[in-house]
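Just so you know, these numbers use all the heavy atoms, side chains as well, and skip hydrogens, waters and symmetry mates. Residue numbering restarts at 1 for every chain, and letters A, B, ... go by the order of the sequence lines.
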2 protein chains.
Amino acid sequence: MTYCLGILLARGLVLASDSRTNAGIDQIARVIKLNLMPPAADRVIAIQSAGNLGTTQAVVTSLKEAFGSGDKANDVSTARTMFEVAGIVGARLREITARDAKFVEQYGDPSGSFLVSGQIAGEPARLFQIYSAGNFVEASARSPFLQIGETKYGKPILDRRLTPDMGFDEAAKLALLSFDATARSNLSVGPPIDLLLYRTDSFSTEHLVTVEEDDAYWEALRQGYSEGLAALVASLPSPPVTWLP
Amino acid sequence: MTYCLGILLARGLVLASDSRTNAGIDQIARVIKLNLMPPAADRVIAIQSAGNLGTTQAVVTSLKEAFGSGDKANDVSTARTMFEVAGIVGARLREITARDAKFVEQYGDPSGSFLVSGQIAGEPARLFQIYSAGNFVEASARSPFLQIGETKYGKPILDRRLTPDMGFDEAAKLALLSFDATARSNLSVGPPIDLLLYRTDSFSTEHLVTVEEDDAYWEALRQGYSEGLAALVASLPSPPVTWLP
């Protein structure tokens, strides 16, 4: 299973992806689900992926190989806007799916989906979700986060606390708490978590960290949350005695 | 949408169901999804339902009407064990689905699922989940809660805190917090919530309350949790400064 989260802040992007893939009953392998297009001075483009690994890798790898090639249909290095990039990813997904689906379906679901985000000089940072159908939606201040994969367990904490005017520290904390909730309720999602904090106009991906299971901050965060939640629930009022048998 | 939760405690059962049904784009009606079989001295049987309302009402109503009829295949008043009751509900679901599905499918999903719980004298309280296929699983001390409908948003708080040796007050609090998480992330789930607390060997359903949107305890619980969670998240350590852009 997979969980990928993208958050659009006023000051940039917070992207997080787990890296487990369960391709068979006795193998849980690690793959990159937070992919970066090759570096360029005027753009940063990240593609997070969920679904059939063959499908999503075909899309991402072919776009990486087409980067700078001048092949207009697939070259995101010359796209003028992130909207155009989202369209290219969606079109590539449709092509790969059309080519492979009939062969793959007998073995499993061939579909894939993506979060496409980043910044092209002249625009603010933007964040899109590409559906399996190849169409897509964009995040905004009203809908500041998008998720793909195993999305529901980690959604309540974001619905409760996330706001687009947050700092990177608070938003990253919430992103990791959202992963913690998901990992506790679905054993196939878990660290290592790739976490990229991107500040608008920096055109830099240097703040990409891989949070391992034994990472000191991850452990402190989870433990602090777990203990704090226990104390919080205990402190809340009990139901009226007339309700109790 | 629907959310139904059943918790098996060492001392009894905690059952909670929302009561919204969205049968069309402009009507959200209230229905009973926590159904009780007619009263009897030696048994308490509750059936919580999710899915197609026509299907689930047909199952529940026909079983209510067969209660005490002596019709062995459908009369849960003479079942010797809750396992037998679960089997009767599953078989009834299969019959209704076989009869109606081909007519209903062109308009929507005809399937339904249930939580079947209660106690028959001579047994402890038991809790089962009946799948759309009519087969079923039972809760135990290792898996003390079962859910149907919109299950995922409300699962993390239960995974974190619920234990079968809890008192009714703590378990009811967690059940309502699980509903609060679900209602915040899915607008079609919400109060009124039917909540039944059943103490083993009481054979009484007197502790059934309907928690309305403006219920004072519900409001205090939600507000206390929301404020406490904000304070908790704020109190947790920030990510290492080297992670931040």
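For the pair A:Ser49 and A:Ile148, the tightest heavy-atom approach, listed with the atom from each and the gap, is C-CD1, 3.8 Å. Between A:Val44 and A:Ser204, the closest heavy-atom pair is CG2-N, 3.9 Å.
With a threshold of 4.5 angstrom between heavy atoms, A:Asn186 does not approach chain B through any atom at all. Heavy atoms closer than 4.5 Å to chain B are found nowhere in A:Leu208, neither backbone nor side chain. Contact annotation for A:Leu229: both backbone and side-chain heavy atoms come within less than 4.5 Å of a heavy atom of chain B. Proximity to chain B (any heavy atom under 4.5 Å) is shown, for A:Glu206, by neither the backbone nor the side chain. Interface residue A:Leu195: only side-chain heavy atoms are found under 4.5 Å from chain B. Residue contact with chain B, scored on non-hydrogen atoms closer than 4.5 Å, involves the backbone and the side chain of A:Arg199 alike. A:Arg160 touches chain B through its side chain: at least one heavy atom from C-beta onward sits under 4.5 Å away, while N, CA, C and O do not.
With sequence neighbours excluded, the residues forming a side-chain contact (heavy atoms from CB on, under 4.5 Å) with A:Pro164 are A:Ala141, A:Pro144, listed by chain and number.
A salt bridge links A:Glu150 with B:Lys152; the closest basic N to acidic carboxylate O contact falls under 4.0 Å. No salt bridge links A:Arg222 with A:Glu219; every basic N to acidic carboxylate O contact stays at or beyond 4.0 Å.
Below 4.5 Å, heavy atoms of chain B meet heavy atoms from A:Leu236, A:Pro237, A:Ser238, A:Pro239, A:Pro240, A:Thr242, A:Trp243, A:Leu244, A:Pro245, all part of residues 235-245 of chain A.
Heavy-atom pairs under 4.5 Å with chain B were tallied for A:Ala220, A:Gly224, A:Ala230; the largest tally goes to A:Ala230.
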